[in-house]
Amino acid sequence: MADDQPLLPEIPPSMPRVKPNRFTRWLGRSVLRLGGWHVSGPIPDIPKAVVIAAPHSSNWDGIWGFAAKLALGLEVRVLGKHQLFWWPLGPLLRRLGGIPINRAQPRGMIEQAVDMIRRADRMWFVIAPEGTRKPVEKWKTGFLKIARAAEVPVMAAYFHYPERTIGIGHLFHLGDDLDADMARVREWYRPWIGRNRGTI
């Protein structure tokens, strides 16, 4: 990270945040500094969004992403299979923003996510568009369907390993054509390079 590069962008007032905790903020900033990473904005001042992060090609993405979350004091929600929420992992996952989802229930994941976003005063709902760390030709369309049904924008976040940058903040306001929206999102992500593969 360049000496003149700020570690974190300005935090807007509407961003969902956890209760202030000096230790976790210090821990997140320390991990970013040790790794030479920084978070780039500007972060939009909006209370609700569906957040996607790509390219996702390494388990290291989770480490840097979690460090950024702690450093910013950001509160997010992520759906996970309910089988993962067993003791003692369950309480930890919930504390980190995890929400168990039972796919056997009549309502599917998209409907459950939309309902949570609508009922919340503030929620940044995070979902991986690629669905895996392996290279994929097509992204899953769930994030677009959730954002459209909940009437919130899609916020793009990216990992760019050559410059050790986590970027947060580009907004996509969706139209009526799902394929066209997906094409716009994929095109925007082309410059960003993951750890284990090139551009998307």
Side-chain angles (χ1 to χ4, degrees), residues 1-18 21-46 49-78 96-97 124-140 142-144 147 152-174 181-200:
M1 185 176 66
D3 292 338
D4 59 348
Q5 175 66 59
L7 183 70
L8 301 171
E10 183 177 348
I11 298 172
S14 296
M15 183 186 83
R17 302 184 68 182
V18 298
N21 186 310
R22 290 185 178 180
F23 173 75
T24 56
R25 293 287 300 276
W26 170 84
L27 178 62
R29 292 193 298 265
S30 297
V31 171
L32 291 174
R33 287 194 181 99
L34 287 172
W37 284 76
H38 70 279
V39 181
S40 177
I43 300 175
D45 188 19
I46 57 173
V50 171
V51 182
I52 59 173
H56 179 38
S57 62
S58 167
N59 287 329
W60 282 96
D61 300 342
I63 295 174
W64 306 126
F66 182 59
K69 175 190 180 303
L70 292 180
L72 291 167
L74 171 63
E75 182 177 25
V76 296
R77 291 289 180 262
V78 184
L96 297 178
W124 286 9
F125 177 80
V126 179
I127 187 170
E130 294 163 290
T132 177
R133 296 189 307 274
K134 299 177 182 179
V136 293
E137 291 296 324
K138 292 185 177 181
W139 283 9
K140 297 180 180 296
F143 73 94
L144 293 173
V152 299
V154 171
M155 184 186 302
Y158 64 86
F159 297 97
H160 188 49
Y161 274 77
E163 297 179 1
R164 299 189 181 187
T165 300
I166 298 171
I168 304 174
H170 187 86
L171 292 180
F172 292 94
H173 296 278
L174 306 181
D181 287 333
M182 179 66 82
R184 285 194 298 128
V185 174
R186 292 293 301 271
E187 181 62 28
W188 184 86
Y189 269 97
R190 286 191 182 279
W192 317 123
I193 300 174
R195 177 181 172 88
N196 294 329
R197 61 178 182 268
T199 57
I200 290 174

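Numbering starts at 1 and runs along the sequence shown.
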Looking only at heavy atoms, the pair that brings S58 and R195 closest together is OG-CD, 3.2 Å
First locate atom CG of N59, then atom CG of N196, and finally report the distance between them rounded to the nearest 0.5 Å. 9.0 Å
Test V185 against I52 for side-chain contact (heavy atoms from CB on, under 4.5 Å), laying out the working first. CA-CA 10 Å; V185 174; I52 59 173; 3.7 Å; yes
Side chain to side chain, V31 and R29, heavy atoms closer than 4.5 Å: no
Does L72 reach the side chain of I43, with side-chain heavy atoms less than 4.5 Å apart? yes
Student check: side-chain heavy atoms of R33 and L7 closer than 4.5 Å: yes
Rounded to the nearest 0.5 Å, how far apart are NE2 of H173 and CZ of R184? 9.5 Å
Tell me, do V76 and P16 make a side-chain contact under 4.5 Å, heavy atoms counted? no
K69 side, atom NZ; R25 side, atom CZ - distance, nearest 0.5 Å: 11.0 Å
Going through the distances and angles, do L144 and M182 end up as a side-chain contact (heavy atoms from CB on, under 4.5 Å)? CA-CA 8 Å; L144 293 173; M182 179 66 82; 3.8 Å; yes
Between E187 and R190, is the closest basic N to carboxylate O distance under 4.0 Å? yes
Side chains of I11 and L74: closer than 4.5 Å at any heavy-atom pair? no
Could you measure the distance from the CH2 atom of W37 to the OH atom of Y161? Nearest 0.5 Å is fine. 4.5 Å
Rounded to the nearest 0.5 Å, what's the gap from CG on L70 to CG on N21? Could you check? 9.0 Å
side-chain contact (heavy atoms from CB on, under 4.5 Å) for S14 and D45? Distances and angles first, verdict last. CA-CA 5 Å; S14 296; D45 188 19; 2.8 Å; yes
Please find the pair of heavy atoms, one from G41 and one from P9, that lie closest to each other, and give the distance. N-CB, 3.8 Å
If you look at every heavy atom in V51 and W124, which pair is closest and at what distance? CG2-CB, 3.9 Å
Cation-pi check, R186 to W139: give yes when NZ or CZ is under 6.0 Å from the six-membered ring centre and within 45° of the ring axis, no otherwise. yes
Expected output: side-chain S30 to main-chain G28 donor-acceptor under 3.5 Å: no
So which atom in H160 and which in I193 form the shortest heavy-atom distance, rounded to 0.1 Å? ND1-N, 3.1 Å
For A147 and V154, which heavy atoms make the closest approach, and how far apart are they? CB-CG2, 3.6 Å
Using side-chain heavy atoms (C-beta onward) and a distance below 4.5 Å, is D181 in contact with F143? no
For G169 and P44 the tightest heavy-atom approach is O-CG, 3.0 Å
Describe, in one word, how the ring planes of F172 and W188 are oriented to each other, choosing from parallel (under 30°), tilted (30 to 60°) and perpendicular (over 60°). perpendicular
Measuring only between side-chain heavy atoms, which start at C-beta, is W192 closer than 4.5 Å to F159? no
Gap between atom CZ of R17 and atom CD of E75 - 0.5 Å precision: 11.0 Å
Do the side chains of I168 and V39 get nearer than 4.5 Å, heavy atoms only? yes
